[in-house]
*Asks:* 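To start, I am sharing the structure in question, which I have written as structure tokens.
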There are 2 protein chains.
Amino acid sequence: MGVTGARRPGRPAGGQLVVDRERVLDAAERVIAREGAGVSIDDIAIEAGVTKPIVYDRVGSRSELADALAERLADRMVKAAGDTLMEGSISEEALARFIEVNLVTVSQNRELFLYVTGGSTEQTALGRLKVAERSIDPMTLAIRAWRDHFAADPKVADTWAAAIVGALQMVAIWWTAQSERPAREIARQVADLLWNGLPGRPER
Amino acid sequence: MGVTGARRPGRPAGGQLVVDRERVLDAAERVIAREGAGVSIDDIAIEAGVTKPIVYDRVGSRSELADALAERLADRMVKAAGDTLMEGSISEEALARFIEVNLVTVSQNRELFLYVTGGSTEQTALGRLKVAERSIDPMTLAIRAWRDHFAADPKVADTWAAAIVGALQMVAIWWTAQSERPAREIARQVADLLWNGLPGRPER
DNA sequence: GGGATTAAGTTACTTTGAGTAAGTAAGTCT
DNA sequence: AGACTTACTTACTCAAAGTAACTTAATCCC
């Protein structure tokens, strides 16, 4: 049959890709969400309706897959956080909302989050760093701009960004592994720490 | 030859173990420090002077190995931090010293740190949580005791502990992956954040 | 003192999953 | 029509986790 749509094996020259990179990543997300972070490349290929070499062609290696998924998740979180954290307007309440959105987004993408923060065997936790960079960079910029705005030394920005991203990641993991406690409560507590510091507000 | 020391294969009944659990873990640390976090169980067995099944017998599985090494590292860090973080005596300077000791300890055990925070493929980042627990628990106790002492609400202790441990871990990874910047500087910046909060000290 | 027993190992396997090489069908170009 | 190209597949290799089954030396007991 010359039906152009139903061809399967052995493919054309000027033909379009059946599954492009995005579709592979979509499939990876779906199967990770469903089966957990322990999925194999084969599982992902099957979910995408292709075979393993296609996944390697589109994505690269396993760790590149993790990186790509991490980028997507980080972007999703940045987007979800929206403008809760814009320069001049920052406040403890805004920070709490930002953190809450982060927690909720993580809980909505729990397995994916565990997958990308789980690291990639070989390069271990350096993968986790790479994951975080996508979050650290915007955070660095936000802090720097904001400190500039208040004439405070912006040199601390990158260190602070790493610390804050690390705190949020760990709280997210810890929280999702726990029996239910409202995200808002946790977010407020973390915001309290990050805004007022360990000694707490001057008077209370 | 009845030389009791030189026996190798096939071993006795009432005899002592040639390598106990501790020796296996020691060997694992050595080979990880030398070869990086990508070592196999076989590599560890060889370093310990035995074969793979012995490692499994003494330690359990690969993830149990990671857990055990994590406990050791966490204990080492708690010990190294010593009494920098004792209840009543806490201050921004004490906190900075505590953080600096943490950073230095991590850099002295870099590959091991990457190994244990790298997670264990299967259970991914939940392993990282388990790693952290050993650090979170003492931190929780310290914070709770300290807040009690100042009549502040101690309910935030566990959340804060998770946040702080996460911040320290991420800063440590980020810092060790960087070109040289003195640990003391980084520690002071993190202490500044955790003590004074994002807006900074009242006057400055 | 000489078997049965048992502890402490080893060798040799199975299994799983990452990554790749080589083949094959459907189209395009001339 | 035949040469070429592209988009895939099948079928492998290789490494590493985990396990089963065997081997040897000491001890126990009579």
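As a basis for the values below, the full set of heavy atoms in this structure was taken, side chains included, without hydrogen atoms, waters or symmetry mates. So that the names make sense, note that chain A is the first sequence line, chain B the second, and so on, each numbered from 1. If you're wondering where the values come from, they're calculated on a predicted model, not measured in any experiment.
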*Asks:* Salt bridge (Lys or Arg N to Asp or Glu O under 4.0 Å) with B:Glu93: which residues, sequence neighbours excluded?
*Replies:*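 Expected list: none.
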*Asks:* How many Å lie between CD1 on B:Ile54 and P on C:dT11, as a whole number?
*Replies:*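 It is 11 Å, rounded to the nearest whole Å.
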*Asks:* In this structure, how many angstroms lie between the P atom of C:dG19 and the CZ atom of A:Arg58, rounded?
*Replies:* 17 Å
*Asks:* Where do N or O atoms of nucleotides 18-20 of chain D meet protein N or O atoms at under 3.5 Å, pair by pair?
*Replies:*
{"unit_1": "D:dG18", "atom_1": "OP2", "unit_2": "B:Tyr56", "atom_2": "OH", "d": "3.2"}
{"unit_1": "D:dG18", "atom_1": "OP2", "unit_2": "B:Arg62", "atom_2": "N", "d": "3.1"}
{"unit_1": "D:dG18", "atom_1": "N7", "unit_2": "B:Lys52", "atom_2": "NZ", "d": "3.0"}
{"unit_1": "D:dG18", "atom_1": "O6", "unit_2": "B:Lys52", "atom_2": "NZ", "d": "2.8"}

*Asks:* From C-beta outward on A:Thr51, which listed nucleotide comes closest to its side chain: C:dT10, C:dA18, D:dT9?
*Replies:* D:dT9
*Asks:* From CD of A:Glu64 over to C1' of C:dA18, roughly how many Å is that when rounded to an integer?
*Replies:*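 Computing the A:Glu64:CD to C:dA18:C1' distance gives 13 Å.
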*Asks:* State which residues pass salt bridge (Lys or Arg N to Asp or Glu O under 4.0 Å) with B:Arg21; sequence neighbours excluded, sorted by chain then number.
*Replies:*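 If we apply the salt bridge (Lys or Arg N to Asp or Glu O under 4.0 Å) test to B:Arg21, skipping adjacent residues, there are no hits.
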*Asks:* Mind checking side-chain hydrogen bond (donor to acceptor under 3.5 Å, both in side chains) for B:Asp137 and listing every partner two or more places apart, or none if nothing turns up?
*Replies:* none
*Asks:* With sequence neighbours left out, write down each residue that passes side-chain hydrogen bond (donor to acceptor under 3.5 Å, both in side chains) with B:Thr51, or none if nothing qualifies.
*Replies:*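 Here no residue qualifies.
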*Asks:* Only distances under 3.5 Å count here; give the side-chain donor-acceptor pairs of residues 23-34 of chain B to other protein atoms, sequence neighbours excluded, each with its distance to 0.1 Å.
*Replies:*
{"unit_1": "B:Asp26", "atom_1": "OD1", "unit_2": "B:Arg72", "atom_2": "NH1", "d": "3.1"}
{"unit_1": "B:Asp26", "atom_1": "OD1", "unit_2": "B:Arg72", "atom_2": "NH2", "d": "2.7"}
{"unit_1": "B:Glu29", "atom_1": "OE1", "unit_2": "B:Arg76", "atom_2": "NH1", "d": "3.3"}
{"unit_1": "B:Glu29", "atom_1": "OE1", "unit_2": "B:Arg76", "atom_2": "NH2", "d": "3.2"}
{"unit_1": "B:Glu29", "atom_1": "OE2", "unit_2": "B:Arg72", "atom_2": "NH1", "d": "2.9"}
{"unit_1": "B:Glu29", "atom_1": "OE2", "unit_2": "B:Arg76", "atom_2": "NH2", "d": "2.8"}
{"unit_1": "B:Arg30", "atom_1": "NE", "unit_2": "B:Glu47", "atom_2": "OE2", "d": "2.8"}
{"unit_1": "B:Arg30", "atom_1": "NH2", "unit_2": "B:Glu47", "atom_2": "OE2", "d": "3.4"}
{"unit_1": "B:Arg34", "atom_1": "NH2", "unit_2": "B:Glu47", "atom_2": "OE1", "d": "2.4"}
{"unit_1": "B:Arg34", "atom_1": "NH2", "unit_2": "B:Glu47", "atom_2": "OE2", "d": "3.2"}

*Asks:* Find the distance A:Asp42:CG to D:dT10:C1' and express it as a whole number of Å.
*Replies:*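 So the CG-C1' distance, A:Asp42 to D:dT10, works out to 12 Å.
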*Asks:* May I ask you to establish whether B:Arg144 and B:Trp160 are in a cation-pi arrangement, using a distance under 6.0 Å from NZ or CZ to the six-membered ring centre and at most 45° from the ring axis?
*Replies:* no
*Asks:* Starting at atom CG of A:Asp20, determine the distance to atom P of D:dT6, rounded to an integer number of angstrom.
*Replies:* 18 Å
*Asks:* Using whole Å, report how far CG of A:Leu65 lies from C1' of C:dA18.
*Replies:* 12 Å
*Asks:* Find the distance A:Arg21:CZ to D:dA7:C1' and express it as a whole number of Å.
*Replies:*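 To the nearest whole Å, that distance equals 18 Å.
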